[in-house]
Protein chains: 2
Amino acid sequence: MARETTEMCRSDDVGVVRDLLTKVGDKWTMLLVVTLARTPSKRARFSELQRMLEPISQRVLTTTLRDLERDGFVSREVFAEVPPRVEYELTPLGIDMLEPIERVVEWMRANWPSIEASRARFDARGAMPPR
Amino acid sequence: MARETTEMCRSDDVGVVRDLLTKVGDKWTMLLVVTLARTPSKRARFSELQRMLEPISQRVLTTTLRDLERDGFVSREVFAEVPPRVEYELTPLGIDMLEPIERVVEWMRANWPSIEASRARFDARGAMPPR
DNA sequence: CAGCATCCGCCCGGATACTG
DNA sequence: CAGTATCCGGGCGGATGCTG
């Protein structure tokens, strides 16, 4: 376990890890991946995604989708129709990524009460004059 | 597994999950936690952390530490000495959190080649005139 | 030494308008 | 329908200067 924690920030790929961690932490990426994962076919078209993610703007949906596609988590299929139709699908890599992420989310859910309590205590101290 | 992915964004605590995921994804938080985890005592003083995290500014180190303390991941101990000494320590909660995070990091390490390859392909296509 | 206060550039995410 | 093109405000992270 000490070895694992050492592994985590050992070597020069700290940048790589942070690059990916940043995506995990950004506003829409994971929500989008999960939204796709929830659909039985793991597939949806642009407008469907926009509706499902409710207040997301097209611009942000587009860029998020592009980044996901670039990383190989999502594939994009254009149908030569009119009106145009574009479908996005979770790749095996994208599906695979969900597993470790789920664990983190589960941990957060399980420990949220502790965190919330800690925040309440911290904030209570801060509001009072020192000691 | 379908149930898990459903769980991930079910219910109203999507906000909670994103709140925490954002911290995971920010520039210094995880690096700071891991840095503390790497020290045998899981303890270090402010100046030590600043050196270990190299180009971090005091301001950012301070705020990151405060957030971590507020959430209960790190504890802060002030010694009534002169010159002042303050030590930060990973709490059991903070140590516990590392496990699921490690899995994500391991996944990223293992799959980084695939991702990088995908990016290369994507960028190559983009550089060329369409088809 | 360990910080708080202040200032600031940059980029993320959103709003709006237009097009193939 | 599925984008692209612009514009823009807010917040994050960094630099600097000052204290207990």
Side-chain angles (χ1 to χ4, degrees), chain A residues 14-15 18-32 35-36 43-71 74-89 122 125-126 129-131, chain B residues 14-15 18-32 35-36 43-71 74-89 122 125-126 129-131:
Chain A
V14 185
R18 272 222 59 259
D19 173 308
L20 295 172
L21 241 30
T22 297
K23 290 166 185 296
V24 170
D26 91 350
K27 191 164 184 181
W28 295 104
T29 301
M30 290 314 301
L31 231 40
L32 176 43
T35 299
L36 272 174
R43 260 185 168 259
R45 48 194 299 183
F46 189 88
S47 53
E48 288 182 297
L49 289 171
Q50 186 164 12
R51 272 188 300 95
M52 293 192 243
L53 294 173
E54 189 44 333
I56 196 175
S57 65
Q58 325 93 316
R59 184 189 170 284
V60 172
L61 179 56
T62 301
T63 62
T64 305
L65 244 10
R66 286 295 176 276
D67 286 347
L68 249 11
E69 186 194 1
R70 190 174 107 99
D71 286 358
V74 158
S75 64
R76 176 174 182 266
E77 189 171 3
V78 183
F79 295 84
E81 302 174 2
V82 42
R85 177 166 55 111
V86 179
E87 289 187 4
Y88 293 90
E89 182 178 14
F122 185 93
R125 296 202 174 281
R131 176 116 337 262
Chain B
V14 184
R18 271 222 60 259
D19 174 307
L20 296 172
L21 240 31
T22 297
K23 290 167 184 295
V24 170
D26 89 353
K27 192 164 183 182
W28 295 104
T29 301
M30 290 315 301
L31 230 40
L32 176 43
T35 299
L36 273 174
R43 261 184 169 260
R45 48 193 301 185
F46 189 88
S47 53
E48 287 181 297
L49 289 171
Q50 186 164 13
R51 272 187 301 95
M52 294 192 241
L53 294 173
E54 189 43 331
I56 196 175
S57 65
Q58 325 92 318
R59 185 190 168 283
V60 173
L61 179 56
T62 301
T63 63
T64 305
L65 245 10
R66 286 295 176 276
D67 286 347
L68 249 11
E69 185 194 1
R70 191 175 104 100
D71 286 358
V74 158
S75 65
R76 178 173 182 266
E77 189 172 4
V78 184
F79 295 83
E81 303 174 0
V82 42
R85 176 166 55 112
V86 179
E87 289 187 2
Y88 294 89
E89 182 178 14
F122 185 93
R125 296 202 174 281
R131 176 120 333 267

Which of these, B/R45, B/R76, B/R43, sits in a side chain to side chain donor-acceptor pair (under 3.5 Å) with B/E87? B/R43
Mind running a 4.0 Å heavy-atom check of residues 59-69 of chain A against DNA chain C and sending the residues that fall below it, in number order? A/R59, A/V60
Using only side-chain N and O atoms of A/S47, determine if any of them is under 4.0 Å from OP1 or OP2 of D/dA2. yes
Report the distance from atom CG of A/L53 to atom C1' of C/dG13, rounded to the nearest whole Å. 14 Å
Minimum heavy-atom separation for A/T63 to A/V60, with atom names? OG1-O, 2.9 Å
On a heavy-atom basis, which atom in B/A44 and which in B/M52 lie closest, and how many Å separate them? CB-CE, 3.9 Å
Pairwise side-chain contact, A/L53 with A/L61, heavy-atom cut-off 4.5 Å (strictly under): yes
For a quick check of understanding: with a heavy-atom distance under 4.0 Å over all strands, which category does A/Y88 fall into, base, sugar-phosphate or nothing? sugar-phosphate
With a 3.5 Å cut-off and no angle check, do the side chains of B/R18 and B/T22 form a donor-acceptor pair? yes
When the distance from CD of B/Q58 to C1' of C/dC7 is rounded to whole Å, what number comes out? 15 Å
Separation of D/dC12 atom P from B/L32 atom CG, nearest Å, is 17 Å
Heavy-atom nearest pair, A/Q58 first then A/F46, reads O-CZ, 3.9 Å
Most 5' of A/P84 and A/W28 on DNA chain C, judged by nearest nucleotide: A/W28
For atom CD of B/E87 and atom C1' of C/dC1, their distance in whole Å: 13 Å
B/K23 atom NZ is separated from D/dG11 atom P, nearest whole Å, by 15 Å
For B/L32 against B/L68, the heavy-atom pair lying closest together: CD2-CD2, 3.8 Å
Would you mind reading off the distance between A/F46 atom CZ and D/dA2 atom C1', rounded to a whole angstrom? 6 Å
Would you kindly compare A/K27 and B/R76 by the position of their nearest DNA chain C nucleotide and give the one closer to the 5′ end? B/R76
Whole-Å gap separating P (D/dG11) and CG (B/D19): 15 Å
Take atom CZ of B/R85 and atom P of C/dC1, then tell me their distance rounded to the nearest Å. 13 Å
